*Asks:* 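Questions regarding the structure given below will be posed in turn.
So that the names make sense, note that chain A is the first sequence line, chain B the second, and so on, each numbered from 1. Being a predicted model, the structure only gives us computed values, none of them experimental.
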2 protein chains.
Amino acid sequence: MRDRKVIDLPSSNVSCNECSLQQLCLPQSINGNELDKLDNIIERKKPLKRNEYLFQVGSPFDSIYVVRSGSLKTYSPTIDGQEQVTGFHLPGELLGLDAIGSGQHPCVAKALETTSVCEIPFESLEELTQSMPTLQHQLLRLMSKEIFDDQELMLLLGKKTAEARLSAFLLSISLRFKQRGFSSTEFYLSMSRNDIANYLGLAVETVSRMFTRFQEDGIINAERKHIVINDWDTLQQLAGISQLSEKEACTKKA
Amino acid sequence: MRDRKVIDLPSSNVSCNECSLQQLCLPQSINGNELDKLDNIIERKKPLKRNEYLFQVGSPFDSIYVVRSGSLKTYSPTIDGQEQVTGFHLPGELLGLDAIGSGQHPCVAKALETTSVCEIPFESLEELTQSMPTLQHQLLRLMSKEIFDDQELMLLLGKKTAEARLSAFLLSISLRFKQRGFSSTEFYLSMSRNDIANYLGLAVETVSRMFTRFQEDGIINAERKHIVINDWDTLQQLAGISQLSEKEACTKKA
DNA sequence: ATAATAACTTGATAAATGTCAATTTTATAA
DNA sequence: TTATAAAATTGACATTTATCAAGTTATTAT
């Protein structure tokens, strides 16, 4: 996938100003002087290696995080020792918004590959939003989007067949790669089949079978984590969700 | 249930100051002078009758809403003409937070009974939060809580048996009644079995059978919408640990 | 490079839940 | 009130997906 990227992912010390993720991130639609202020409160942490944790369940909530490069999964442990994967997080996406209410992280965030993040201390961010209405608005928008996205997933989990779930998952990933300037038809999945199954509320075996079937039907090519989408239209039909709403929610500016 | 209520639900023209829902609502932890300011931007709408709409899919987003009395359901139409119920909303709970991002309501809000709401124009609210850090913080907290709650539901839909889903649903409703000063062990459900099934990602028939089984096992008394919870502990066990407790429950009775 | 481990795939079987159909009960409207 | 429609329940059956088991392929560590 690396050779297919259209934009460069920000390396560890680039400022918001120079960051290619600006349009997907908090800085969207804030400008020069204000951007510098935001930039000043952001801490750029040293990259996480695969399987390292960004935060654990119960960790005190101090900051929200934005993925700069790489990817993470978040998951909540259940009473009976299982895990429920609640999301995958690609560059430009926020983590930790679910902890503001309680002051503690309700889930674990674990790097799926070498991953670097920006840390945004929440108190400073709140102070900053007091004098920057556009920043506040952007924060609210991003939180709202997360609520909206979660509801889409609820719909998926509640109503859809295994086939539709995997289709929707692949389309979602594809779309998000596209928004980040990568190919939407060929990419590497950083998460395991197990993670995908868990996220979609299915057994690993079911997911594996679906991958095989999609490949047999010529809809995709899947060689382990390397995915090529051959037939976007069929995939959308199978997913049975409105790609419209998804696009609008992601690209439209309020 | 009406004769069991501990607090009075606010009637249509009571101010935030006098409102019994203050501690569950946006005003939480803001005081006198500031409360008046919030109070001033809030519009108290005339009550909705059963089956009337608060907003429709695609309605422009101008305001968020707080339930004063009664209840609503929100649902999203799917591409194939189905509906997915995304939530039930009791007094003190917010609606419309999922529309901030796109500027359009992605779901329908429909009254389940005679229902009155406070309308809070979002622009005014954003302005107000600029000078009221505590109000901003409370808004962020409530949005965060919604994200958190949605993730809980995702977990339910992804991982749990029908038994666990209905248990968790009943416990959730019970808890929310309790927080509002009503009995947590005896209440009326304002939503139909169909709505519950849809919300939980189950067939109506399955929900109906579960109600019957819970009743046979003495866990609850369910006469249509009138619910009495007899055995809270078992219900919690069922909600938490699906596989194990399920077998116990089966051998216990059958 | 090789062994050990983890991830993935595939098949057979079982279990849970959905679907269809019929009936009863409750709610709504004439 | 009675007629009509809607909601809820129950049973029989079908289907999807989970589970169990085995084997294969990749990844990691020695």
Side-chain angles (χ1 to χ4, degrees), chain A residues 49-52 73 80 82-85 110 112-114 156-167 188-216 220-227 238 240, chain B residues 49-52 73 80 82-85 110 112-114 156-167 169 188-216 220-227 238 242-247 249-251 254:
Chain A
K49 295 202 198 79
R50 191 164 122 84
N51 291 330
E52 286 184 337
K73 67 171 172 179
D80 45 341
Q82 296 179 318
E83 298 174 353
Q84 167 71 33
V85 174
K110 194 175 188 178
L112 292 167
E113 58 195 309
T114 302
L156 202 72
L157 293 172
K159 283 255 163 333
K160 306 290 184 174
T161 61
E163 183 182 70
R165 293 186 203 190
L166 187 59
S167 306
Y188 280 88
L189 296 173
S190 58
M191 66 295 289
S192 68
R193 298 283 194 271
N194 234 309
D195 288 336
I196 297 172
N198 190 309
Y199 177 68
L200 296 176
L202 298 169
V204 209
E205 294 93 332
T206 306
V207 168
S208 186
R209 279 183 250 270
M210 283 298 149
F211 267 111
T212 306
R213 222 182 72 200
F214 284 178
Q215 176 138 353
E216 283 170 358
I220 65 170
N221 261 60
E223 203 166 321
R224 296 283 163 166
K225 313 207 154 180
H226 180 217
I227 307 292
L238 294 180
Chain B
K49 296 203 197 78
R50 190 164 121 84
N51 290 331
E52 285 184 337
K73 67 171 172 179
D80 45 343
Q82 295 179 320
E83 297 174 354
Q84 168 70 35
V85 174
K110 194 175 186 178
L112 291 167
E113 58 195 309
T114 303
L156 202 71
L157 293 173
K159 281 257 165 327
K160 307 286 186 171
T161 62
E163 184 183 70
R165 295 186 201 190
L166 187 59
S167 306
F169 170 76
Y188 280 88
L189 296 173
S190 57
M191 67 294 289
S192 68
R193 297 283 194 269
N194 235 309
D195 287 336
I196 297 172
N198 189 310
Y199 177 68
L200 296 176
L202 299 169
V204 210
E205 293 92 333
T206 306
V207 168
S208 188
R209 279 184 250 269
M210 283 299 149
F211 267 111
T212 306
R213 221 183 74 198
F214 284 177
Q215 175 135 353
E216 283 171 358
I220 66 169
N221 262 58
E223 202 166 323
R224 298 284 160 166
K225 315 209 151 178
H226 180 218
I227 307 293
L238 295 181
S242 52
Q243 298 305 65
L244 219 85
S245 61
E246 200 172 359
K247 278 173 190 160
C250 287
T251 50

*Asks:* For the residue pair A:Y199 and A:Q84, what are the closest heavy atoms and their distance?
*Replies:*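 In this case the closest contact between A:Y199 and A:Q84 is O-NE2, 3.8 Å.
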*Asks:* How close or far is atom C1' of C:dA16 from atom CG of B:L166, stated in whole angstroms?
*Replies:*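 One finds 16 Å between C1' of C:dA16 and CG of B:L166, rounded.
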*Asks:* Taking all non-hydrogen atoms of both residues into account, name the closest pair between B:L157 and B:L200 and its distance.
*Replies:*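 Shortest heavy-atom contact: CD2-O, 3.2 Å.
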*Asks:* Check the distance between C:dT17's P and B:L157's CG and give it to me in whole angstrom.
*Replies:*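 Taking CG of B:L157 and P of C:dT17, I get 13 Å after rounding.
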*Asks:* Please report the distance, rounded to the nearest Å, between CD in B:E163 and C1' in C:dA15.
*Replies:*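 So the CD-C1' distance, B:E163 to C:dA15, works out to 14 Å.
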*Asks:* Quick check: are there more than 12 heavy atoms from other residues, nucleotides or ligands sitting under 6.0 Å from NZ of A:K225?
*Replies:*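 It does: A:K225 NZ has more than 12 such atoms within range.
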*Asks:* Taking atom P of C:dC8 as reference, at what distance in whole Å does atom CG of A:L202 sit?
*Replies:*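 So the two atoms are 15 Å apart, to the nearest Å.
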*Asks:* Figure out the CG/P separation between A:N194 and D:dT19, and round it to whole Å.
*Replies:*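 Checked: the CG to P distance equals 12 Å.
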*Asks:* Do B:F169 and B:L202 have side chains that get closer than 4.5 Å, going by heavy atoms?
*Replies:*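 B:F169 vs B:L202: side chains apart.
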*Asks:* Nearest-Å distance, CE (B:M210) to C1' (C:dG18)?
*Replies:*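 Going from CE in B:M210 over to C1' in C:dG18 covers 12 Å.
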*Asks:* Summarise how protein sits on nucleotides 23-30 of chain D as a single string, 5' to 3': B when a protein heavy atom is under 4.0 Å from the base, S for sugar-phosphate-only contact, - for no contact.
*Replies:* --BS-S--
*Asks:* I need a per-nucleotide contact map over nucleotides 10-16 of chain D, read 5' to 3'. Cutoff is protein heavy atoms under 4.0 Å; write B for the base, S for backbone only, - otherwise.
*Replies:* BBB----
*Asks:* Quick check: closest heavy atoms across A:E163 and A:M210, and the distance to 0.1 Å?
*Replies:*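 Scanning both residues completely, I find the closest heavy atoms to be CA-SD, 3.8 Å.
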*Asks:* Which pair of non-hydrogen atoms, one from A:R165 and one from A:L156, has the smallest distance, and what is that distance?
*Replies:*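 Reported closest heavy-atom pair: NE-O, 3.7 Å.
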*Asks:* In this structure, how many angstroms lie between the P atom of C:dC8 and the CG atom of A:N198, rounded?
*Replies:*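 One finds 13 Å between P of C:dC8 and CG of A:N198, rounded.
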*Asks:* Verify, without hydrogens or angle tests, whether A:N198 (side chain) and A:E83 (backbone) share a donor-acceptor contact under 3.5 angstrom.
*Replies:*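 Here the side-chain-to-backbone pair exists.
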*Asks:* Could you work out which one of D:dA18, D:dA8, C:dC8 sits closest to the side chain of B:S192?
*Replies:*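 Looking only at heavy atoms from C-beta outward on B:S192, the closest nucleotide is D:dA8.
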*Asks:* What is the separation between atom NE2 on B:H226 and atom P on C:dT25, rounded to the nearest whole Å?
*Replies:*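 In whole Å, C:dT25 P lies 20 Å from B:H226 NE2.
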*Asks:* So, for A:A164 and A:K160, which heavy atoms are closest and what is the spacing to 0.1 Å?
*Replies:*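 That closest heavy-atom pairing would be CB-CB, 3.7 Å.
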*Asks:* Quick check: closest heavy atoms across A:M191 and A:L112, and the distance to 0.1 Å?
*Replies:*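 Closest approach of A:M191 to A:L112: CB-CD1, 4.0 Å.
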